[in-house]
2 protein chains.
Amino acid sequence: MPSSVRSRRPAAPSARRPRKRAYHHGDLRRALLEEAVRTIQAEGVEGVTLRQVGERLGVSRTALYRHFADKGALLAAVAREGFRTFRDALAQGVAGAATAEAGFAAMGHAYVRFAVTHSSHYRVMFGGFVDACDRDPELEAEASAGFMVLVDAIVRQQATGHLRADDPQQMARYVWSVMHGVAMLIIDGQLRGADPEAEVAYAIDRLNRGIVAVR
Amino acid sequence: MPSSVRSRRPAAPSARRPRKRAYHHGDLRRALLEEAVRTIQAEGVEGVTLRQVGERLGVSRTALYRHFADKGALLAAVAREGFRTFRDALAQGVAGAATAEAGFAAMGHAYVRFAVTHSSHYRVMFGGFVDACDRDPELEAEASAGFMVLVDAIVRQQATGHLRADDPQQMARYVWSVMHGVAMLIIDGQLRGADPEAEVAYAIDRLNRGIVAVR
DNA sequence: ACCTGAACACCGTTCAAGT
DNA sequence: ACCTGAACACCGTTCAAGT
């Protein structure tokens, strides 16, 4: 691997196009990401195959390695994207509500709604496919940002005396556990015979009752 | 498949050995099951490979097909076994406690303890690997038996007026969601930095407070 | 009845080679 | 710089054949 390559940048060969539409794609990285999401939605996470993704994009099955370290990195990128839109969904849930209490409930509904409508993303995010952010610090940051939205909401409600004065982190982990449990059982189809919306509503009621301050 | 086989039980060929040690194993089915569990514990569910399992047992990689329909059936059998010991663990948790309330808490601890110490079984049982009991009615029965232990405990505590008079099934689904959420986050390593025992204790406290009857 | 061995259609990943 | 094609070491499953 001669390092002289680096300094030898030949002048742009034809005019000065931003991207010269080389080979098949302008932005293969983006295309790979989108195709992966599409496949996950259609066939689940284990249905994602580098060969199939490549073929569907009219590209060699090894072209991906120019843009991602390996298959795990592809999935991690999907998860990262998921965490960003997840956090937005949560924040929007809180923002649209009149009272802090209503905002809390709205956040719960938003949580499960995201898990159900983006179950492919959700599974990649929390299903243990990406090995808990170990390899991707950016992913870690995105994930804990979502957790922070929850902690903030709790702190605000503790300040008004509406929630118990427990360690907010501890309480946030509990709230997260509850919503995660409900979401997982629903998208895994384990709660069959039960209406998902009703399930969430009941859970939020009972959850809330368990953490409010005694008047 | 001639049904005459059933009535034609030939006399034991040499003395009266329980199993005549044919080929490599007396009970290959059992051996396959145990090897699968061992592999799952060591390398996770996706580490289970029919070829490797066979090789480790000194048997061809296709020998398994005499005893299980396919790989999914093997995992389903592991799950079924898991459900049985799971139910026992739950029941034992309730039985060992003095009061009904203490029994309830004990059951929660037993739930998460099982998930943590048998995380391989737990993941196969609830991780969506066996496609929610669809193919195995026996598995379905085993799973709902475990759920019934929970429903029974709830009904008993509703009778004494200790728990709210909600639909016991609905309440059981909620309690299950909470414990499942806590268990999953713990065994997925998502709750890092938190003591698992403390996490469970806090969860049970808050959970309980949310479903007790108002005095 | 129980197991084998070769074969088939898949995987992810590497690497020399093309443009 | 970006992509290809052949190759490697893996999969699960089928099926004719052995004992």
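Both backbone and side-chain heavy atoms feed into the values below; hydrogens, waters and symmetry mates do not. Just so we're on the same page: letters track the sequence lines, and every chain starts at 1.
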**Asked** For residues B:Q52 and B:E35, is any side-chain donor paired with an opposing acceptor at under 3.5 Å?
**Response** no
**Item:** pair A:M148-A:R87: side-chain heavy atoms closer than 4.5 Å
**Value:** no
**Item:** Atom pair distance, as rounded to whole Å: CZ in A:R29 and P in D:dC3
**Value:** 13 Å
**Prompt:** Does any non-hydrogen side-chain atom of B:H67 lie less than 4.5 Å from one of B:D27?
**Reply:** no
**Message:** Tell me if the centroids of the rings in A:H118 and A:F114 come within less than 6.0 Å of each other.
**Reply:** yes
**Greater than 12 external heavy atoms within 6.0 Å of B:E55's CD** = no
**Message:** How many whole angstroms separate atom CZ of B:F68 from atom P of C:dC2?
**Reply:** 13 Å
**Request:** Just do the side chain to side chain contact (heavy atoms under 4.5 Å, CB included) check on A:F126 and A:F83 with the steps written out, would you?
**Result:** CA-CA 10 Å; A:F126 298 113; A:F83 275 118; 3.6 Å; yes
**Asked** How about B:I40 and B:L75: do any of their side-chain heavy atoms sit closer than 4.5 Å?
**Response** yes
**Prompt:** For every nucleotide of nucleotides 10-16 of chain D, 5' to 3': is a protein heavy atom under 4.0 Å from its base (B), only from its sugar-phosphate (S), or from neither (-)?
**Reply:** -BBBB--
**Request:** Would you write the dot-bracket representation of DNA chain D, where each base gets (, ), [, ], | or . depending on whether it forms a Watson-Crick or G-U pair under 3.5 Å and with which partner?
**Result:** ||.|||||...|||||.||
**Atom-to-atom span, CG of A:L57 to P of D:dC3 - whole angstrom** = 11 Å
**Prompt:** Between A:R173 and B:Y202, is any pair of side-chain heavy atoms under 4.5 Å apart?
**Reply:** no
**Asked** Do B:E199 and B:V112 touch side chain to side chain, with heavy atoms closer than 4.5 Å?
**Response** no
**Request:** Compare all side-chain heavy atoms of B:T62 with those of B:L50 and state whether any distance is below 4.5 angstrom.
**Result:** no
**Prompt:** For D:dC3, does either OP1 or OP2 sit under 4.0 Å from a side-chain N or O belonging to A:H67?
**Reply:** yes
**Message:** Contact list please: residues 32-47 of chain A against DNA chain C, heavy atoms, distance less than 4.0 Å, in numerical order.
**Reply:** none
